[in-house]
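Contents: one structure, followed by commentary.
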2 protein chains.
Amino acid sequence: MSVLLEQPITSSDKTFYRLRKDIVEGQICAGSKLSETELSTKYQVSRAVVREAINRLETCNLVERKPNIGARVVSLSSEGLIELYQVREALEGMAARQAARNMTDQDIADLNALLTSHSAKVKDGQSYYQEAGDVDFHYRIIQGSKNQHLIALLINGIYHLVRMYRVQLGMAGPRVTTAFDEHRNIVQAISNRDEELAEMLMRRHILYSMNNIQRKLQQTESNQEERS
Amino acid sequence: MSVLLEQPITSSDKTFYRLRKDIVEGQICAGSKLSETELSTKYQVSRAVVREAINRLETCNLVERKPNIGARVVSLSSEGLIELYQVREALEGMAARQAARNMTDQDIADLNALLTSHSAKVKDGQSYYQEAGDVDFHYRIIQGSKNQHLIALLINGIYHLVRMYRVQLGMAGPRVTTAFDEHRNIVQAISNRDEELAEMLMRRHILYSMNNIQRKLQQTESNQEERS
DNA sequence: CATGACTATATTGTCGACACTTTTTGCAGA
DNA sequence: TCTGCAAAAAGTGTCGACAATATAGTCATG
């Protein structure tokens, strides 16, 4: 029962997924207000449904809500990115460590197969690595930790926010091959059951990733500076 | 604007706080079902209010909800405790590290004063240390990290669940003085701006605490075994 | 012209009712 | 007595309306 792939059952679910997609991909601007009435007419559902969806978006840290005032989409900032990635580094580092302890040999074999298949696709030019492989890779490591609290915190709490930063800053370009090698090394460490190394490599991998995104974000911010 | 002490504004808030208290303190049993209709008549509010409150309890990881079926209070188990404390160790360890970096001198002075005042109260026999001091102490370190994501994750995500384990297992007895010394040492490390040591001491402190709770929990579980 | 109070508007919070799903109950047949 | 199905009951999901609060606009006053 994966959290990411579970399909919508109730109307609230569908609205939640729709809104989340629109926010992560930037169709709804960062920092903009989410009006319950407006969304309910737009999506042809009752306000109660929209309300529930917004509540769940708040749990994902994608929107902020204030009583009697309303909800706003979070805004992306350099400071926010750093804080987010500090937490991510600690949690995913821990996930990698636990994965080295708790993944079955079968899990590891599957993960290796995944990497290989992604590698092939990239060489064929079918897709960039980030979109195709990165999400799946991290997702599997997280699941591999087998710690339900950790999984919930990462998947519900920070993962979609990470995606929001990446998607909206257009992270699909470079770092493709280097990221792939880093992934290989992490899996190798897990395969060797070397918890210490697995954690360290994952932490570095995430740190590199943050530096990469931050460069892009600062470009964006300085562009906005020029325009204003 | 503390998350713990914010006072109820809306009816949903009040219901949420009431339910949370009842769950954490065990007036509503672990594992029991939360019926929306039942609670709405009991608390004299509409079902929408109860629904919203339950949603927020789910965000705190205090209840689990399934579509079309309903919400249940989480149940306490030895495995759950271990998973929870593993996450807590990583996150609060990180909080201590960041607190050593980001707390102001004033923050640290206040924290020392807090410890001293708690120490005095304990010597007077006014209260046990756990209840009076522990929560505040950890709360301040978490805030001292000044990382909003980390703060949100800890306060909203795991702190009340930790409290639930502690309260329901009657954690107020021993470990009072040792915990106090551990707190002193952590603050000392923070005061020296020794990030490495602060994190390590905090991690150990939490580890000891877990061992302590786990002993109690296994006693409880083996008692239940005998009875059945 | 700036400022402050007041009104009007828009938005969120709460409610009770209905629709749909799940669970229980009761009965028929083996 | 046990099993399987159908109807009834209970519970959650969704809806539109009203109440309470916040925001915008207006006007009077300094």
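- Taking the charged nitrogens against the carboxylate oxygens, A:R72 and A:E64 have no contact shorter than 4.0 Å, which rules out a salt bridge.
- Each of C:dT14, D:dG13, C:dT12 was ranked by its minimum atom distance to the side chain of B:T10; first place goes to C:dT14.
- Residues B:K42 and B:E38 are not paired through a salt bridge, judged by the lack of any N-O separation under 4.0 Å between the basic side chain and the carboxylate.
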- Task: Do nucleotides 16-22 of chain C as a string where each nucleotide becomes B, S or -: B if the base has a protein heavy atom under 4.0 Å, S if just the sugar-phosphate does, - if no protein is that close.
- Result: -B---SS
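- Remark: P of D:dG13 and CZ of A:R51 are 16 Å apart, rounded to the nearest angstrom.
- Side-chain atoms of A:Q143 and A:Y139 include a donor-acceptor pair closer than 3.5 Å.
- Between A:K66 and the phosphate of C:dG13, there is no side-chain N or O to OP1/OP2 separation shorter than 4.0 Å.
- With rounding to whole Å, B:D13 atom CG is found 11 Å from C:dG13 atom C1'.
- Between the side chains of A:Y17 and A:R20, no donor N or O sits under 3.5 Å from an acceptor N or O.
- A:E52 places its CD atom 12 Å from the P atom of D:dT12, with the value rounded to the nearest Å.
- At whole-Å resolution of the value, CZ in A:R72 and P in C:dT11 are 13 Å apart.
- For B:S11, counting side-chain heavy atoms from C-beta on, the closest listed nucleotide (C:dT14, C:dT12, D:dG13) is C:dT14.
- Residues B:G70 and A:Q44 each lie close to DNA chain D; by heavy-atom proximity, the contact nearer the 5' end of the strand is made by B:G70.
- One finds the CG atom of A:L115 at 9.0 Å from the CZ atom of A:R140 (value rounded to the nearest 0.5 Å).
- Distances were taken from every side-chain heavy atom of A:S12 (C-beta onward) to each of D:dT14, D:dT12, D:dG13; the shortest belongs to D:dT14.
- Across D:dG13, C:dT12, D:dC15, the shortest atom-to-atom separation from the side chain of A:V49 is found for D:dC15.
- Rounded to an integer number of Å, the gap from A:Y43 OH to D:dT14 P is 16 Å.
- Taking the centre of each ring, B:H205 and B:H183 come in below the 6.0 Å mark.
- Atom pair A:I54:CD1 and C:dT11:P shows a separation of 13 Å (rounding to whole Å applied).
- B:H149 NE2 to A:Q86 CD: the interatomic distance, rounded to the nearest 0.5 Å, is 10.0 Å.
- One atom, CG of B:L34, and another, P of D:dT12, lie 9 Å apart when rounded to the nearest Å.
- C:dT11 atom P lies 15 Å from atom CZ of A:R65, rounded to whole Å.
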